[in-house]
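Everything numeric in this text was worked out from a predicted model, so none of it was measured. Positions are given from 1, in the same order as the sequence printed here.
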Amino acid sequence: QVQLVESGGGLVQPGGSLMLSCEVSGPTLLYHATGWFRQAPGKEREGISAISSTGSSTFYADSVKGRFTISRDGAKNTVYLQMTSLKPEDTAVYFCATGPESGAMGPYSLLGYEYHYWGQGTQVTVSS
């Protein structure tokens, strides 16, 4: 059974940084993209970044572009989200998800439709 476990969330001051990790365990998944999503209280889920199975293709939502960096370590089956210059509006539960990729990462990769497996989420709170 495929499992995704997020970690690295916490409380950080505005302008600070956090690195989230998404560890994938279970049967080997070939050609699977991984995405990061977030959901704030009272708001819809937002796709913020995605990375291809090889790491050669990435995509970011405008809301995080230039501040967040997605990467993956194939040997560790882990995808990371380095978050810098954090703002109070980045406060949310952050989820990772994985599913079969269908080409280069793009806006469709942030919609969530292609992801079959989801983690339980990790809370990120940006507050002074």
Side-chain angles (χ1 to χ4, degrees):
Q1 183 175 351
V2 177
Q3 288 189 322
L4 284 75
V5 178
E6 302 94 338
S7 62
L11 173 65
V12 63
Q13 292 186 340
S17 300
L18 280 176
M19 176 176 277
L20 305 184
S21 298
C22 171
E23 183 175 359
V24 183
S25 62
T28 300
L29 301 176
L30 299 178
Y31 310 114
H32 271 56
T34 302
W36 280 99
F37 298 80
R38 66 186 182 185
Q39 188 164 21
K43 295 188 177 181
E44 292 187 355
R45 186 185 68 196
E46 176 189 16
I48 57 174
S49 187
I51 188 168
S52 63
S53 59
T54 63
S56 62
S57 179
T58 60
F59 189 79
Y60 298 91
D62 288 343
S63 58
V64 305
K65 193 177 299 181
R67 300 188 298 123
F68 292 9
T69 303
I70 192 170
S71 62
R72 71 187 307 142
D73 184 333
K76 297 182 178 180
N77 290 325
T78 301
V79 173
Y80 304 97
L81 186 69
Q82 176 68 53
M83 306 187 296
T84 63
S85 302
L86 283 162
K87 306 173 183 180
E89 51 264 44
D90 293 318
T91 295
V93 178
Y94 284 69
F95 302 87
C96 62
T98 191
E101 61 189 11
S102 55
M105 300 297 98
Y108 184 82
S109 306
L110 302 187
L111 297 179
Y113 300 138
E114 62 188 37
Y115 300 104
H116 298 171
Y117 306 102
W118 292 77
Q120 294 298 308
T122 185
Q123 176 71 46
V124 172
T125 303
V126 184
S127 175
S128 55

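- Residues Pro14 and Ser128 approach most closely at CD-N, 3.7 Å, considering heavy atoms.
- From Arg38, atom CZ reaches atom CD of Glu46 across 4.5 Å, with rounding to the nearest 0.5 Å.
- Grouped by direct or indirect side-chain proximity (heavy atoms under 4.5 Å, Ile/Leu/Val/Met/Phe/Trp/Tyr only), Trp118 sits with Phe37, Val93, Phe95, Tyr115.
- Here Ile70 contributes atom CD1 and Cys96 contributes atom SG; the two are 9.5 Å apart, rounded to the nearest 0.5 Å.
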Assess the residue pair Trp36 and Val64 against the criterion (side chain to side chain contact (heavy atoms under 4.5 Å, CB included)); give the C-alpha distance rounded to whole Å, side-chain angles, the decisive distance to 0.1 Å, and a yes or no. CA-CA 11 Å; Trp36 280 99; Val64 305; over 6 Å; no
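- One distance of note links CD1 of Ile48 with CZ of Phe68; it measures 5.5 Å at 0.5 Å rounding.
- Remark: side-chain polar atoms of Thr91 are paired, donor with acceptor, to backbone N or O of Val126 under 3.5 angstrom.
- Considering OG1 of Thr98 and CD of Gln3, their distance stands at 14.0 Å, rounded to 0.5 Å.
- Using cut-offs of 30° and 60° on the angle between ring planes, the pair His32 and His116 is perpendicular.
- With rounding to the nearest 0.5 Å, the separation of OG in Ser56 from CE in Met105 is 8.5 Å.
- Looking at Arg72, its side chain never comes within 3.5 Å of a backbone N or O of Ala33 through a donor-acceptor pair.
- In this structure a side-chain-to-backbone donor-acceptor pair under 3.5 Å is present from Thr122 to Gly9.
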Could you give me the CA-CA distance, side-chain angles and deciding distance for Ser127 and Leu11, then say whether side chain to side chain contact (heavy atoms under 4.5 Å, CB included) is met? CA-CA 7 Å; Ser127 175; Leu11 173 65; 4.2 Å; yes
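- In this structure, Glu101 contributes its side chain and Ser53 its backbone to a donor-acceptor pair below 3.5 Å.
- In this structure, Met83 and Asp90 have side chains that are not in contact, with every pair of non-hydrogen atoms separated by 4.5 Å or more.
- The CE atom of Met19 lies 10.5 Å from the OG1 atom of Thr84; values are rounded to the nearest 0.5 Å.
- In this structure, Gln120 places its CD atom where only 12 or fewer heavy-atom neighbours from other residues, nucleotides or ligands lie under 6.0 Å away.
- Checking side-chain atoms of Glu6 against main-chain N and O of Gly121 turns up a donor-acceptor pair under 3.5 Å.
- Under a 4.0 Å N-O distance rule, the pair Asp62/Lys65 qualifies as a salt bridge.
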Report the C-alpha distance between Leu20 and Val124 in whole Å, list the side-chain angles of each, state the deciding distance to 0.1 Å, and finish with yes or no for side chain to side chain contact (heavy atoms under 4.5 Å, CB included). CA-CA 9 Å; Leu20 305 184; Val124 172; 4.0 Å; yes
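- The minimum heavy-atom distance between Ser85 and Arg67, with the atom names listed, is O-NH1, 3.0 Å.
- Side-chain contact between Ser25 and Asn77: absent, with no pair of heavy atoms (C-beta onward) separated by less than 4.5 Å.
- With hydrogens and angles ignored, the 3.5 Å screen pairs no side-chain donor or acceptor of Tyr80 with any backbone N or O of Thr69.
- With Val24 as reference, Leu4 is the one residue of Leu4, Val79, Val5, Thr78 to meet the side chain to side chain contact (heavy atoms under 4.5 Å, CB included) rule.
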